[in-house]
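Worksheet: one structure, shown below.
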Amino acid sequence: MSQDVTKAGVIGWPIDHSLSPRIFDYWLKNYGIKGLYKAYAVNDISLSKVLSSMREKGLTGLNITVPYKQTVIKYVDQLSSCARKIGAVNTVTLQENGLLFGDNTDGFGFIENIKQNYNGINAFTGVSIVIGAGGAARSIVASLVSVGVKKIYIINRTRGNAEKLAKDIGGPISVMDWSERHVSLADATFVVNTTTLGMNGKPPLDLRLDLLPKNALVNDIVYAPIETRLLKNSKIRGNPTVDGIGMLLHQARPGFTTWFGEEPIVTEDLRNHVLAKKGD
Ligand code: ATR
């Protein structure tokens, strides 16, 4: 393989189910770019070695997925302010000066997904309810703060995790008890499930929607299945909904732009292409 072909990839453990190669290969083909993007299964012993040998391996960039988004922070030289705030990195770039730059584009992907798929009155002008306080919730809450949401309530099974998240991120955030999740919806303009509940093989999210205003937007970051019970029930009562696959597609954009020099677009065709792989 010639040296002038840009190489990038995604690392995680396990990595077989990563949809990132599917996204990047689609864009590379579509834009006629001679690049390579591969998935690498990396165990925790070889993690630091993989990052420090990016230049040797000819890798320009790496996406980082589960379980290394936090761990990888100690192996990069510079962090974006967003990655520092969230405490996690999903995109590492080997810069021309030889330094590794860590960024987090999950929150960007989250906001862009909503913007692309929801044309109603801005969901982000009122009260946002965030269910869950894990890694995904950290980037989502930070992105909601950055787009100027007036009030965010975090509701998590383990209240302490929600309190820590609120403190770390800062902003107009309050924490409510898990038992208050049903009544919390009464004033919401936006609700997002950031937990793993509703994913194939997991129990559904138990959330009664009776009090939710009919114009509130509902989003689930779970995309397998593409229509979770939360989204289905929201649609049935007439609420606008956005599913979760777009967050994955949009979070890949900044890495592609930096590494391959083209600003890629998320289209219906890309979405179908990636979703077709999901059942493999
Ligand atoms: P991710 O990085 O994908 O966000 P995570 O960090 O493991 O994954 O977070 C999982 C989230 O789902 C957490 O908010 C977790 O709640 P806890 O902080 O109480 O663990 C939530 N979660 C997972 N299983 C759950 C369940 N059965 N009921 C309620 N919340 C659950």
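Note that the structure is predicted; figures quoted are calculated from it, not measured.
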Run the numbers on K167 and E163 for salt bridge (Lys or Arg N to Asp or Glu O under 4.0 Å), then give the verdict.
CA-CA 6 Å; K167 188 163 172 275; E163 277 165 357; over 6 Å; no
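- I140 and Y118 fall within a single hydrophobic cluster, where Ile, Leu, Val, Met, Phe, Trp and Tyr side chains are chained together by heavy-atom contacts under 4.5 Å.
- Contact annotation: the side chain of R237 approaches that of L209 to within less than 4.5 Å [non-hydrogen atoms, C-beta and beyond].
- Applying the side-chain hydrogen bond (donor to acceptor under 3.5 Å, both in side chains) rule to Q95 yields the partners Q78, N97; only residues at least two apart in sequence or on another chain are considered.
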Could you go through the salt bridge (Lys or Arg N to Asp or Glu O under 4.0 Å) check for R253 and E263 one step at a time?
CA-CA 7 Å; R253 281 169 45 202; E263 279 188 31; 5.8 Å; no
M247 vs D106, test: side-chain contact (heavy atoms from CB on, under 4.5 Å). Steps then yes/no.
CA-CA 7 Å; M247 177 175 170; D106 286 331; 4.1 Å; yes
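- A donor-acceptor contact shorter than 3.5 Å links the side chain of Q251 to the backbone of L248.
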For a side-chain contact (heavy atoms from CB on, under 4.5 Å) check, start with the C-alpha distance between L47 and T71, then their side-chain angles and the critical distance, and finish with the verdict.
CA-CA 9 Å; L47 180 63; T71 329; 4.0 Å; yes
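- Proximity of L144 to V130: side-chain heavy atoms (C-beta onward) are separated by under 4.5 Å at one or more points.
- Residues satisfying the side-chain hydrogen bond (donor to acceptor under 3.5 Å, both in side chains) test with K235, not counting sequence neighbours, are E227.
- Hydrophobic clustering (ILVMFWY, side-chain heavy atoms < 4.5 Å, transitive): V10 and Y75 are in distinct clusters.
- You'll find the side chain of D206 reaches within 4.5 Å of the side chain of H182, heavy atoms only.
- In terms of heavy-atom proximity, I154 sits nearest to A162 at CG2-CB, 3.7 Å.
- With a 4.5 Å cut-off on side-chain heavy atoms, T195 and K202 do not count as touching.
- The NE2 atom of H273 sits 10.0 Å away from atom CG of L19, with the distance rounded to the nearest 0.5 Å.
- A distance of 4.5 Å separates CZ in R159 from CG in D177, rounded to the nearest 0.5 Å.
- A donor-acceptor contact closer than 3.5 angstrom links the side chains of S46 and N43.
- In terms of heavy-atom proximity, G98 sits nearest to D77 at O-OD2, 4.3 Å.
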Only distances under 3.5 Å count here; give the side-chain donor-acceptor pairs of residues 30-41 to other protein atoms, sequence neighbours excluded, each with its distance to 0.1 Å.
residue, atom, partner, partner atom, Å
Y31, OH, I265, N, 3.0
Y37, OH, G9, O, 3.4
Y37, OH, N63, OD1, 2.7

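- Side-chain N/O atoms of K57 and S53 include a donor and acceptor closer than 3.5 Å.
- F124 meets the ring pair (Phe, Tyr, Trp, His ring centres under 6.0 Å) test with F190; sequence neighbours excluded.
- Here the shortest heavy-atom pairing between T228 and G198 reads CG2-O, 4.0 Å.
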Between D210 and L185, does the side-chain contact (heavy atoms from CB on, under 4.5 Å) criterion hold? Intermediate values first, please.
CA-CA 9 Å; D210 324 10; L185 302 183; over 6 Å; no
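- When all heavy atoms of P213 and A188 are compared, the closest pair comes out as CG-O, 3.5 Å.
- Among S80, C82, S139, P254, the single residue meeting the side-chain contact (heavy atoms from CB on, under 4.5 Å) criterion with T105 is P254.
- In terms of heavy atoms, F256 sits closest to P264 at CD2-CG, 3.7 Å.
- Residues N193 and L231 have side chains not in contact (no heavy-atom distance under 4.5 Å, counting atoms from C-beta outward).
- The line from CE of M54 to NZ of K49 is 13.5 Å long, rounded to the nearest 0.5 Å.
- Following chains of ILVMFWY side-chain contacts shorter than 4.5 Å, one can reach V145 starting from L217, so the two form part of one hydrophobic cluster.
- With hydrogens and angles ignored, the 3.5 Å screen pairs a side-chain donor or acceptor of N239 with a backbone N or O of K214.
- When hydrophobic clusters are built by joining Ile, Leu, Val, Met, Phe, Trp and Tyr residues whose side-chain heavy atoms come closer than 4.5 Å, directly or via intermediates, V141 is grouped together with V242.
- Between H17 atom NE2 and T65 atom OG1 the span is 12.5 Å, to the nearest 0.5 Å.
- Side-chain contact between I129 and V192: absent, with no pair of heavy atoms (C-beta onward) separated by less than 4.5 Å.
- More than 12 non-hydrogen atoms from other residues, nucleotides or ligands lie less than 6.0 angstrom from CG of N233.
- Considering I86, L100, N104, I73 as possible partners of L79, the one that fulfils the side-chain contact (heavy atoms from CB on, under 4.5 Å) test is I73.
- Defined by atom type and a distance below 3.5 Å, a donor-acceptor pair is present between the side-chain atoms of S174 and K151.
- Taken together through direct or relayed side-chain contacts under 4.5 Å among Ile, Leu, Val, Met, Phe, Trp and Tyr, L270 and W259 form part of one hydrophobic cluster.
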What do the steps show when you test I131 against N156 for side-chain contact (heavy atoms from CB on, under 4.5 Å), and what is the final call?
CA-CA 6 Å; I131 312 278; N156 191 49; over 6 Å; no
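- In this structure, the separation between CD1 on I245 and CG on N272 is 10.5 Å, given to the nearest 0.5 Å.
- When atom types are taken as modelled, the side chain of T158 and the backbone of G160 share no donor-acceptor pair closer than 3.5 angstrom.
- Y68 places a side-chain N or O within donor-acceptor distance of the main-chain N or O of D44, the cut-off being under 3.5 Å.
- Contact between R22 and A276 at its shortest, heavy atoms only, is NH2-CB, 4.3 Å.
- Evaluation of the salt bridge (charged side-chain N to carboxylate O under 4.0 Å, His left out) rule for D103 yields no partner, not counting sequence neighbours.
- For the atom pair OG (S234) and CG (N219), the distance works out to 10.0 Å, reported to the nearest 0.5 Å.
- A donor-acceptor pair under 3.5 Å is formed between the side chain of N117 and the backbone N or O of N113.
- Looking only at side-chain heavy atoms (C-beta outward), D243 and R271 come within less than 4.5 Å of each other.
- In this structure, a donor-acceptor pair under 3.5 Å is present between the side chains of Y26 and D269.
- A donor-acceptor contact shorter than 3.5 Å is absent between the side chain of Y153 and the backbone of R181.
- Here K164 pairs with D168 under the salt bridge (charged side-chain N to carboxylate O under 4.0 Å, His left out) rule; sequence neighbours left out.
- Not one N or O on the side chain of T93 forms a donor-acceptor pair closer than 3.5 Å with the backbone of F101.
- In this structure, the side chains of V266 and W27 come closer than 4.5 Å at one or more pairs of heavy atoms.
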